[in-house]
Trainee: 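What follows is a single structure, and I will ask about it in a moment.
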Number of protein chains: 2
Amino acid sequence: MRISDVARHAGVSPSTVSYVLSGKRSISPATRERVLASVAALGYQPHAGARALASSRSNVIALMLPLRQGIHVPVLMQFATSVVTSARGHEHDVLLLTQAEGEDGLRRVVDSSMVDGVIVMDVQMDDPRISTLRSLSHPSVLIGLPADTTGLTCVDLDFDAAGQACAEHLADLGHREVALIGQPPSVYERRTGFAERTLTGFERAARERGMRSVVLPCDAQPAAVTATTNRLFRENPNVTGVVVHNEPAVTPLLEAAVAAGRRVPTDLSVVGIGTDELVTDTQPPLTMVSLPAEELGGRAVSLLMDKLDDNEPREVTLLPPRLTVRSSSAARPS
Amino acid sequence: MRISDVARHAGVSPSTVSYVLSGKRSISPATRERVLASVAALGYQPHAGARALASSRSNVIALMLPLRQGIHVPVLMQFATSVVTSARGHEHDVLLLTQAEGEDGLRRVVDSSMVDGVIVMDVQMDDPRISTLRSLSHPSVLIGLPADTTGLTCVDLDFDAAGQACAEHLADLGHREVALIGQPPSVYERRTGFAERTLTGFERAARERGMRSVVLPCDAQPAAVTATTNRLFRENPNVTGVVVHNEPAVTPLLEAAVAAGRRVPTDLSVVGIGTDELVTDTQPPLTMVSLPAEELGGRAVSLLMDKLDDNEPREVTLLPPRLTVRSSSAARPS
DNA sequence: TCCAGCAATCGAAGCGATTCGACTCCCGGA
DNA sequence: TCCGGGAGTCGAATCGCTTCGATTGCTGGA
């Protein structure tokens with residue numbers, strides 16, 4: 001089943017079929033209809049390889065997914081499916097790369113013209129892949145924000161502002177001592193952007209609003225969360241507001257608070273940062289900054305498509321955080 | 001950077017370079033070395049599209065991932081990464097398709113020769129994609145087991161035997177009334193193979209061993225698990241053994257049991273079915289049948305590669321369940 | 001000595017699309 | 001009437017690789 005079969009069936013030349021399909025030259029309505037009918041009748045699908053060879057466009061993009069510990073998997077999947085769905089909306093498919101493939105993997109798929117561009121996730125402040133991305137012959141978009149964005153295209157939630165918004169919300173409610181329950185220690189150690197920026201924004205806002213603040217990294221296992229929570233209560237008994245930047249920690253933390261005799265929000269205010277799904281799993285419903293994974297994935301794809309169309313978008317796109325007040329935060333107990 | 005550049009650099013013809021790279025004809029060691037040195041020196045990567053066009057092999061496989069509710073996402077990711085890693089071990093890349101693409105998506109990527117084969121997950125007993133898979137011009141492998149496997153290649157854990165093993169373990173411990181806490185109701189409603197087969201094996205073994213059994217589907221939210229657990233204790237107070245085939249339910253269930261005054265394993269034995277990671281999140285360590293997601297993904301890829309090499313493997317590969325006894329199960333309280 | 005047969009290499013013909021001129025009409029203005 | 005120019009279509013070149021003979025040069029057995 002080739003393009004020449006379609007052409008014969010429609011009584012035109014192969015190039016005409018090609019132009020009908022690509023719309024790159026004007027075709028008379030009558031011919032267009034006839035060709036499209038033949039395409040449908042024969043169930044013609046252009047050969048992807050031949051197309052890629054002739055047009056030097058594969059209509060595939062690569063998505064490099066992190067597989068490391070400390071990454072909350074459901075959020076990852078939200079990103080991935082959003083990227084795939086958006087890409088399909090732009091006539092592109094998605095090739096899956098793992099972080100383990102690293103820089104060589106990026107270079108391989110790009111240099112072999114297997115993909116038209118690359119989306120990379122889980123960016124560290126000083127990510128080793130960045131110099132590779134800069135030297136690639138095809139465009140790329142980062143979901144996340146490294147320290148130096150020169151010559152890159154990045155999209156992310158403004159985690160600094162998110163940390164700040166959470167702290168200010170607690171300050172507005174009159175809290176004086178607040179804590180950030182963060183990501184697992186390893187995430188900070190490898191200087192992952194979103195974790196570090198949340199922390200920065202949180203601490204800065206706390207300082208500016210005259211609150212004492214403490215930060216506790218926290219592993220994802222319920223037992224670890226319980227231990228961290230109890231330690232917080234023990235070592236910082238006057239903390240009345242907690243920001244949780246760690247999705248799986250929210251529920252165990254709320255339970256540990258109750259177990260420790262602290263009622264939420266009466267005795268303790270809890271503010272989360274994460275996907276909206278969190279809310280449905282939580283009692284009481286969580287005051288939180290939502291992480292718009294779906295929108296971020298879509299934006300990343302759009303930006304990449306812009307670059308494929310030779311539009312050079314701005315280097316950094318930061319989505320402003322939206323904090324939704326629900327029932328887990330309240331005024332400081334007097 | 002083309003193959004002819006490499007050829008010139010090495011002082012041979014393009015076809016010789018091709019044969020060096022593919023190993024399909026014998027090449028003298030001296031020439032091979034020289035060519036490989038040129039490839040390395042120039043950083044040559046063959047053009048994927050040209051290669052696919054000429055060889056009618058894309059060296060890409062498609063993986064169709066389910067995105068439905070009721071699927072435990074971390075397990076999904078284990079499958080996905082295992083498939084990607086294994087595929088790379090066979091010189092293949094992985095194109096990501098979502099369930100939403102459905103049969104049209106499968107046909108599109110296959111008919112356009114974008115992929116050499118397909119791996120499909122989350123198979124239902126009577127899956128609409130199956131007839132499409134049978135009619136495809138390229139091979140496919142299912143992770144999961146539909147009702148009719150004629151002409152297909154399937155690999156899965158033997159969930160029937162797993163359900164049976166769990167029931168028998170409880171029977172061996174002297175339990176008389178047992179329960180299965182299962183997947184969300186929607187999973188059974190759409191007749192997903194692994195859920196249904198576990199249930200069948202569990203009930204059959206319970207019957208054969210003279211135990212009374214009850215089955216409760218269960219949603220994944222902690223609150224729903226707690227409610228289900230409490231209902232179980234209320235309506236079936238004599239149940240002393242529980243099989244949990246629902247990963248996120250395990251921890252809330254254990255907590256609910258404690259809250260209801262039942263000590264595990266003294267008063268209540270709990271047996272799980274799921275990935276080994278469960279164990280690390282659990283107190284006490286869980287007696288369980290492990291779901292070898294990694295091995296299943298690897299097997300699926302191997303089977304697909306066999307089919308690409310024109311070896312027709314057996315239709316059904318079921319991995320035997322391995323039940324590991326830990327501290328969550330014990331003899332029935334007397 | 002001759003030739004069969006193998007190892008090593010080359011040249012050229014595809015693979016199935018895209019795309020760039022070139023060509024043919026046909027229309028409207030001079 | 002003639003000509004310029006746009007719309008619509010076609011033919012042929014091209015993309016970069018694989019692969020199928022064909023060729024060459026040896027080696028070893030008859």
Side-chain angles (χ1 to χ4, degrees), chain A residues 1-36 38-39 42-60 91 108-116 137-138 308, chain B residues 1-36 38-39 42-60 91 108-116 137-138 308:
Chain A
M1 175 59 50
R2 306 185 303 254
I3 199 172
S4 58
D5 298 323
V6 177
R8 196 173 316 115
H9 187 274
V12 297
S13 75
S15 52
T16 300
V17 175
S18 177
Y19 285 122
V20 167
L21 260 24
S22 71
K24 295 191 178 175
R25 280 198 186 175
S26 57
I27 298 283
S28 71
T31 307
R32 187 204 319 292
E33 290 314 314
R34 205 148 26 90
V35 168
L36 291 179
S38 298
V39 166
L42 302 179
Y44 169 69
Q45 286 286 355
H47 187 288
R51 189 187 273 246
L53 179 56
S55 67
S56 44
R57 285 286 215 116
S58 66
N59 277 26
V60 175
E91 308 274 69
R108 181 175 60 80
V109 296
V110 166
D111 287 352
S112 67
S113 293
M114 190 172 276
V115 302
D116 296 333
S137 56
H138 288 304
L308 288 177
Chain B
M1 173 58 51
R2 305 186 305 253
I3 199 173
S4 59
D5 298 323
V6 177
R8 196 173 317 116
H9 189 272
V12 297
S13 74
S15 52
T16 300
V17 175
S18 178
Y19 286 123
V20 166
L21 260 24
S22 71
K24 294 191 179 176
R25 281 198 185 175
S26 58
I27 297 285
S28 71
T31 307
R32 184 202 321 291
E33 291 312 315
R34 206 147 27 89
V35 169
L36 291 177
S38 298
V39 166
L42 302 178
Y44 169 70
Q45 287 284 358
H47 188 287
R51 189 184 272 241
L53 179 57
S55 66
S56 46
R57 285 287 215 118
S58 66
N59 276 30
V60 176
E91 308 274 68
R108 181 176 60 81
V109 296
V110 166
D111 287 353
S112 67
S113 294
M114 191 172 274
V115 302
D116 296 334
S137 55
H138 288 305
L308 288 177

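Since we're looking at a predicted model, the values are computed, not measured. Just so it is clear: chains get the letters A, B, ... in the order the sequence lines come, proteins before strands, and each one is counted from 1.
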Trainee: For Ala30(B) and Val17(A), find the nucleotide of DNA chain C closest to each by heavy atoms; which residue's nucleotide sits nearer the 5' end?
Mentor: Ala30(B)
Trainee: Are OP1 or OP2 of dT19(C) and a side-chain N or O of Lys24(A) less than 4.0 angstrom apart?
Mentor: yes
Trainee: Taking the side chain of Ala54(B) as its heavy atoms from C-beta onward, which of dT19(D), dT18(C), dG14(C) lies nearest to it?
Mentor: dG14(C)
Trainee: Tell me: CG of Asn59(B) to P of dC17(D), nearest whole Å?
Mentor: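 The distance from CG of Asn59(B) to P of dC17(D) comes to 14 Å, rounded to the nearest Å.
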Trainee: Base, sugar-phosphate, or nothing: which does Ser18(A) touch, judged by heavy atoms less than 4.0 Å apart?
Mentor: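 Base, at least one base heavy atom under 4.0 Å.
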Trainee: Provide, to the nearest angstrom, the distance between the NE2 atom belonging to His47(A) and the C1' atom belonging to dA17(C).
Mentor: 9 Å
Trainee: For Ser15(A) and for Ala50(B), find the nucleotide of DNA chain C with the closest heavy atom, then tell me which residue's nucleotide is more 5'.
Mentor: Ala50(B)
Trainee: Check if the side chain of Arg25(B) and the base of dG21(D) share a donor-acceptor pair of N or O atoms closer than 3.5 Å.
Mentor: yes
Trainee: Base, sugar-phosphate alone, or nothing: which one does Ser55(B) contact when heavy atoms must sit under 4.0 Å apart?
Mentor: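 Touches sugar-phosphate only.
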Trainee: Atom CD in Gln45(B), atom CE in Met1(B): separation rounded to 0.5 Å?
Mentor: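 With rounding to 0.5 Å, CD (Gln45(B)) is 10.5 Å from CE (Met1(B)).
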Trainee: Starting from C1' on dG8(D), measure out to CD1 on Ile27(A) and report it in whole angstrom.
Mentor: 7 Å
Trainee: Look at all strands and tell whether Thr31(A) reaches a base, only sugar-phosphate, or nothing, counting heavy atoms closer than 4.0 Å.
Mentor: sugar-phosphate
Trainee: Mind checking Ser28(A) for me? I need base, sugar-phosphate or nothing, with any heavy atom below 4.0 Å counting as a touch.
Mentor: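 Sugar-phosphate contact only.
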Trainee: Apply side chain to side chain contact (heavy atoms under 4.5 Å, CB included) to Leu21(B) and Leu36(B), showing your working.
Mentor: CA-CA 8 Å; Leu21(B) 260 24; Leu36(B) 291 177; 4.2 Å; yes
Trainee: Under 4.0 Å between a side-chain N or O of Ser13(A) and OP1 or OP2 of dT9(D)?
Mentor: no
Trainee: Out of Val35(B), Val12(B), Val39(B), which residue meets the side chain to side chain contact (heavy atoms under 4.5 Å, CB included) rule with Val20(B)?
Mentor: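 Among Val35(B), Val12(B), Val39(B), the one meeting side chain to side chain contact (heavy atoms under 4.5 Å, CB included) with Val20(B) is Val35(B).
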Trainee: May I have the distance from Arg51(A) (atom CZ) to dC15(C) (atom P), rounded to whole angstrom?
Mentor: 19 Å
Trainee: State whether the distance check finds a donor on one side and an acceptor on the other, under 3.5 Å, for side chain Tyr19(A) versus base dC20(C).
Mentor: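 It does, because a donor-acceptor pair links the side chain of Tyr19(A) to the base of dC20(C) below 3.5 Å.
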Trainee: Identify the heavy atoms of Ser58(A) and Ala52(A) that sit nearest to each other, and give their distance.
Mentor: CA-CB, 4.0 Å
Trainee: Using whole Å, report how far CG of Asp5(B) lies from C1' of dC15(D).
Mentor: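 Nearest whole value for this atom pair: 14 Å.
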Trainee: Using whole Å, what does the distance between atom P of nucleotide dA17(C) and atom CG of Leu21(A) come to?
Mentor: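 These atoms are roughly 10 Å apart.
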Trainee: Could you give the CZ-to-C1' distance, from Arg57(B) to dT19(D), as a whole number of Å?
Mentor: 15 Å
Trainee: Measure the distance from CZ on Arg8(B) to C1' on dG16(D) and round it to the nearest whole Å.
Mentor: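 Spelled out: CZ on Arg8(B) to C1' on dG16(D) is 13 Å.
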Trainee: Within the structure provided, determine whether Ser137(A) and Val110(A) are in side-chain contact (heavy-atom separation under 4.5 Å).
Mentor: yes
